[in-house]
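Single-structure report; data block below.
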There are 2 protein chains.
Amino acid sequence: MADRKTARGAPIKTPVGEQDGIDFSIIELFFFAYRDFTSDPDEILADYGFGRAHHRVLHFVNRRPGLTVAELLDVLKITKQSLARVLKQLIDTDHIVQLPGPRDRRQRELYPTEKGRALALALARPQSRRIHTALGDSGLGNRASIELFLKAMVNPELRAQIDILPANPTQKRSGDDHGEH
Amino acid sequence: MADRKTARGAPIKTPVGEQDGIDFSIIELFFFAYRDFTSDPDEILADYGFGRAHHRVLHFVNRRPGLTVAELLDVLKITKQSLARVLKQLIDTDHIVQLPGPRDRRQRELYPTEKGRALALALARPQSRRIHTALGDSGLGNRASIELFLKAMVNPELRAQIDILPANPTQKRSGDDHGEH
DNA sequence: AAAATACGTCAATAATGCTGACATATTTTT
DNA sequence: AAAAATATGTCAGCATTATTGACGTATTTT
């Protein structure tokens with residue numbers, strides 16, 4: 001064990017596979033699918049000097065206008081400092097505006113501008129088209145299965161975040177003040 | 001238009017939704033699902049001082065032992081310089097070994113060691129468990145639909161990469177020397 | 001009045017990607 | 001045999017997106 005080079009493990013030449021009891025097919029498919037899924041908006045974002053982080057912020061602010069900073073952090077699971085830069089850029093470029101919270105004026109409610117709405121839609125369009133095509137290709141009527149599967153892939157304790165978003169077919173919204181009335 | 005602050009666009013208070021003709025449900029589900037899907041291995045990797053990049057390299061080297069550097073770059077769609085760092089670390093920590101290509105000695109064939117194989121399996125295990133649970137939760141017999149959907153989400157010209165990988169049910173491998181003999 | 005909260009910001013650091021340039025070994029072409 | 005192309009490695013610098021820690025300010029709660 002003196003020489004490091006001779007201590008190297010021997011090469012394994014057999015591929016891992018499903019026989020190891022692991023679902024490699026879907027693991028890989030998920031990787032490739034997500035990679036290409038994000039590539040469409042990435043190209044558009046590059047024209048604005050934005051990145052994926054901007055996309056995510058823009059998306060959720062458009063989906064839940066009036067979102068506070070704390071709520072956004074909770075959805076994105078990033079830190080305040082990470083959010084700060086991209087949010088500032090989106091505000092400076094007039095894609096997002098902040099309004100003081102009506103009940104608690106410490107809070108900043110985030111709203112898209114018309115410009116921000118337009119960009120969010122432009123980014124979502126190719127993704128939606130890809131999904132639509134994939135649903136078609138893989139046989140119609142799979143939509144419900146796909147939704148159930150994807151939702152089941154999310155950590156159970158985080159599925160609440162999904163249910164807050166509008167127009168999800170798995171639940172009905174009872175009111176806009178998502179409230180503890 | 002002298003003052004910038006007054007030139008700000010007005011806040012839009014209505015959420016975007018499916019009525020805009022865009023499949024926001026699945027877009028979001030895909031984001032959340034992928035986020036949590038990668039969180040399991042991320043925790044394990046942190047113990048080794050590795051990141052997601054190491055995971056991907058380790059994964060594909062285990063799936064296709066003997067892969068050359070160029071082939072790996074093509075699968076991962078990153079640059080040589082980006083790969084260099086993580087690959088070097090994986091070699092230094094004895095997870096991967098390099099052998100000169102038998103036909104072309106300029107090439108470096110990449111193989112996992114026993115240690116590398118073990119880590120790859122440890123990383124894949126929670127992901128596979130999550131998939132298995134999700135398939136169960138969303139009703140058995142969806143597996144084929146899910147695979148078709150995910151595959152259809154991948155850019156058509158890149159689906160060839162998937163078919164190269166072992167034990168994919170959509171094709172049969174004709175030989176191990178993937179060769180133009 | 002004091003404490004807690006929501007947010008903003010400054011500074012430093014890390015992981016992962018990028019481009020460009022150049023070196024070395026090896027194979028292919030001329 | 002010489003020249004060109006190829007596969008890989010490496011150096012240097014840079015961008016993006018994330019991290020942690022610390023501190024300031026406005027506001028609300030205790």
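Order of the sequence lines sets the chain letters (A, B, ...), proteins ahead of strands, with each chain counted from 1.
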In Å, rounded to the nearest 0.5 Å, how long is the span from CD of B:Glu28 to CG of A:Leu150?
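The CD atom of B:Glu28 sits 12.0 Å away from the CG atom of A:Leu150.
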Please identify each residue that fulfils salt bridge (Lys or Arg N to Asp or Glu O under 4.0 Å) with A:Lys88, with sequence neighbours left out.
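Scan of A:Lys88 (salt bridge (Lys or Arg N to Asp or Glu O under 4.0 Å), adjacent residues dropped) gives A:Asp92.
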For the base of C:dG20, is there a side-chain donor-acceptor partner from B:Gln81 under 3.5 Å away?
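Looking at the base of C:dG20, it does pair with a donor or acceptor on the side chain of B:Gln81 (distance under 3.5 Å).
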Donor-acceptor pair present, B:Lys80 side chain and D:dG9 base, under 3.5 Å
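By the distance-only test, yes, there is a pair.
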What nucleic acid atoms does [X] come within less than 4.0 Å of, heavy atoms only: base, sugar-phosphate, or nothing?
X       : value
A:Arg85 : base
A:Gln98 : sugar-phosphate
A:Gln89 : nothing

Does the ring center of B:His54 lie less than 6.0 Å from the ring center of B:Tyr48?
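No, the ring of B:His54 stays outside the 6.0 Å limit from the ring of B:Tyr48, centre to centre.
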Test of ring centre spacing under 6.0 Å for B:Phe149 and A:Phe37
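No - the distance between ring centres of B:Phe149 and A:Phe37 does not fall below the 6.0 Å cut-off.
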Of B:Val69 and A:Lys77, the one whose closest DNA chain D nucleotide lies more 5'
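By nearest-heavy-atom nucleotide position, the 5'-most residue is B:Val69.
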To the nearest angstrom, how far is [X] atom [atom1] from [N] atom [atom2]?
X        : N      : atom1 : atom2 : value
A:Leu83  : D:dT20 : CG    : P     : 14 Å
A:Arg108 : C:dT5  : CZ    : P     : 18 Å
A:Glu109 : D:dT27 : CD    : C1'   : 15 Å
B:Gln107 : C:dT27 : CD    : C1'   : 11 Å

Heavy-atom nearest nucleotide on DNA chain C for A:Arg106 versus A:Leu87: which residue maps closer to 5'?
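Nearest-nucleotide comparison on DNA chain C picks A:Arg106.
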Counting side-chain heavy atoms from C-beta on, which of C:dT16, D:dT28, C:dT19 comes nearest to B:His54?
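Closest nucleotide to the B:His54 side chain: C:dT16.
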